[in-house]
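Here the structure comes first, spelled out in structure tokens, and everything after it is commentary.
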Amino acid sequence: VITNEAYADTTKQFGMWVFLSMEGLFFGAIFFLYVAERFFFPEAFELGSHHLVTALASWNTAVLLTSSLTMALAVHFARELSTTSDKSRGKRNLVVLFLIATALLGITFIVLKGVEYSLDYREALVPGFNFAPKFAAPKELVLFFSLYFLATAIHALHLLIGVGWVFTITFGVARNPKEKAWAVRTDILGLYWHFVDIVWIFLFPLFYLIGGPQ
Amino acid sequence: VKSLIFTYLMLMVLLVLTIGASKLQLGNLQTPVSIGIAVLKAALVLWIFMDLKESSTLIRIAAGAVLLWIFFFYFLAGLDIGLRVKPKAVSCTHIHGRYQETNRVNFEFAES
């Protein structure tokens, strides 16, 4: 038997998936730009990849994967919270704890990304602001760095929106844990968060790792 | 909870693998290996964290549809890019009264 409530939950999840499909096409277009430009200028892409701060980005990848775990745990406990008749605050506190952990990890990622951008700026590798490579470079290198900043900045913007959304849900759950709707709200927030994580899972190797050892 | 933590550990192992692989001389395999590991990681996140494992058919179709459209998109746009340029071959451009061979699409028409 499908209750009205379960039906409404499915609708919300379905809506989120449709939205994420469109986001997938949006990032798909950016990745296609990558394919096309790299097809024309493979050397510039290999060279550019050697001049990114790979160590920092690797730690950042770990940070983002960890935030996906804490988000998945938050979703798990939010579901338990909505089905439990237990009046203790334990479950609510777990949801709030893991949501805050997720938001903090997201902020950590954005801060480290900012540090990385400032290092790129110091190396004069930011097209439009300060682009004068200190090494012998073909002029197509500017394409690699333009694409790198375009893709990572749009990703960081998505993450920033995600962090704001996590805080909204956190305050909601903390204030009114008995409302059943937090389960599905946390659920669709989780879908969004994991999607942004997946985008980074592809950005990371395509920009930082393709050059191989130097 | 156990499966979530196990998935996380798998993701971290794959992260270490992909970074490790980037330190090896893999030549032409560098990109396929990186993308292969990324696809595995994305699949883990989709299947376990985003719970496609337990989701209804409707939601699986919504998630799968994007792959289909991306395929059409990449296939058609890829044909354009791939056929416009013949990597080793030749676009003959008439510059300074003689034919000049180039091995890439000539973005420098305007300047020359």
Side-chain angles (χ1 to χ4, degrees), chain A residues 10 13-25 27-29 31-32 35-42 46 49 54-55 57-58 61-62 65-66 68-73 75-77 140 187 190-191 193-195 197-206 208-214, chain B residues 1 3-5 7-9 11-12 14-16 18-19 21-27 29-31 33-46 48-52 55-56 58-67 69-70 73-74 77-78 80-82 84-85 87 104-105 107:
Chain A
T10 313
Q13 285 169 338
F14 179 63
M16 195 61 203
W17 275 103
V18 171
F19 170 69
L20 291 182
S21 299
M22 287 190 288
E23 286 270 79
L25 288 176
F27 280 102
F31 281 116
F32 190 78
V35 172
E37 288 183 359
R38 191 171 162 199
F39 178 75
F40 290 131
F41 309 114
E46 204 168 299
S49 137
T54 307
S58 306
T61 311
L65 289 175
T66 311
S68 257
L69 173 70
T70 54
M71 178 51 89
L73 289 169
V75 169
H76 174 81
F77 289 115
E140 292 91 10
D187 208 73
L191 292 176
W193 193 271
H194 296 312
F195 172 82
D197 190 19
I198 288 176
V199 172
W200 182 258
I201 284 176
F202 284 101
L203 286 179
F204 172 61
L206 287 179
Y208 293 89
L209 300 183
I210 50 153
Q214 298 196 25
Chain B
V1 176
S3 81
L4 294 180
I5 291 172
T7 307
Y8 171 68
L9 292 177
L11 285 170
M12 292 311 245
L14 286 170
L15 172 62
V16 171
T18 192
I19 294 169
S22 77
K23 310 263 185 229
L24 304 172
Q25 287 292 356
L26 294 176
L29 284 178
Q30 203 81 59
T31 304
V33 167
S34 300
I35 293 178
I37 294 178
V39 168
L40 267 179
K41 281 159 79 182
L44 276 174
V45 173
L46 279 164
I48 313 283
F49 283 173
M50 295 173 87
D51 212 20
L52 279 183
S55 294
S56 62
L58 178 70
I59 282 174
R60 285 187 194 170
I61 290 173
V66 70
L67 294 179
W69 291 117
I70 289 268
F73 169 31
Y74 275 54
D80 177 37
I81 300 290
R84 189 143 38 124
V85 180
R104 58 172 57 141
V105 78
F107 282 119

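By convention in this document, chain letters (A, B, ...) are assigned in the order of the sequence lines, proteins followed by strands, and residues within each chain are numbered from 1. From a predicted model like this one, the values you see are computed outputs, not experimental measurements.
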For each of [options], tally heavy-atom pairs with chain B at distances under 4.5 Å, and name the one with the top tally.
| options | value |
| --- | --- |
| A:Thr61, A:Val18, A:Asp187 | A:Thr61 |
| A:Gly24, A:Gly28, A:Pro205 | A:Gly28 |
| A:Trp193, A:Phe31, A:Phe77 | A:Phe31 |

In terms of heavy-atom proximity below 4.5 Å to chain A, should [X] be classed as side chain, backbone, both, or neither?
| X | result |
| --- | --- |
| B:Gln30 | side chain |
| B:Ala65 | neither |
| B:Leu52 | side chain |
| B:Lys41 | both |
| B:Leu15 | side chain |
| B:Leu24 | backbone |
| B:Val39 | both |

For [X] and [Y], work out which heavy atoms get closest and say how close.
| X | Y | answer |
| --- | --- | --- |
| A:Leu65 | B:Met12 | CD1-SD, 3.9 Å |
| A:Ala72 | B:Phe49 | CB-CD2, 3.7 Å |
| A:Ser21 | B:Ala62 | OG-O, 2.9 Å |
| A:Leu209 | B:Ser22 | CD2-OG, 3.5 Å |
| A:Ala36 | B:Ile81 | CB-CD1, 4.0 Å |
| A:Leu69 | B:Leu4 | CD1-O, 3.5 Å |

Based on non-hydrogen pairs under 4.5 Å, which of [options] is most in contact with chain A?
| options | value |
| --- | --- |
| B:Val33, B:Leu67, B:Ile37, B:Asp51 | B:Asp51 |
| B:Leu46, B:Leu14, B:Leu26 | B:Leu46 |
| B:Ala21, B:Ser34, B:Ser56 | B:Ser34 |

Any idea how A:Phe32 and B:Phe73 line up, ring-wise: parallel (<30°), tilted (30 to 60°), or perpendicular (>60°)? tilted

Against chain B, label [X] side chain, backbone, both or neither, depending on which of its atoms sit under 4.5 Å from a heavy atom there.
| X | answer |
| --- | --- |
| A:His194 | both |
| A:Thr66 | both |
| A:Val35 | side chain |

Going through the distances and angles, do B:Ile35 and A:Leu206 end up as a side-chain contact (heavy atoms from CB on, under 4.5 Å)? CA-CA 8 Å; B:Ile35 293 178; A:Leu206 287 179; 4.0 Å; yes

Within the 4.5 Å heavy-atom criterion, are B:Ile19 and A:Tyr208 side-chain neighbours or not?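 Not in contact.
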
Interatomic distance, [X] atom [atom1] to [Y] atom [atom2] [nearest 0.5 angstrom]:
| X | Y | atom1 | atom2 | result |
| --- | --- | --- | --- | --- |
| B:Ile61 | A:Trp17 | CD1 | CH2 | 13.0 Å |
| B:Met50 | A:Gln13 | CE | CD | 11.0 Å |
| B:Leu44 | A:Ile201 | CG | CD1 | 8.5 Å |

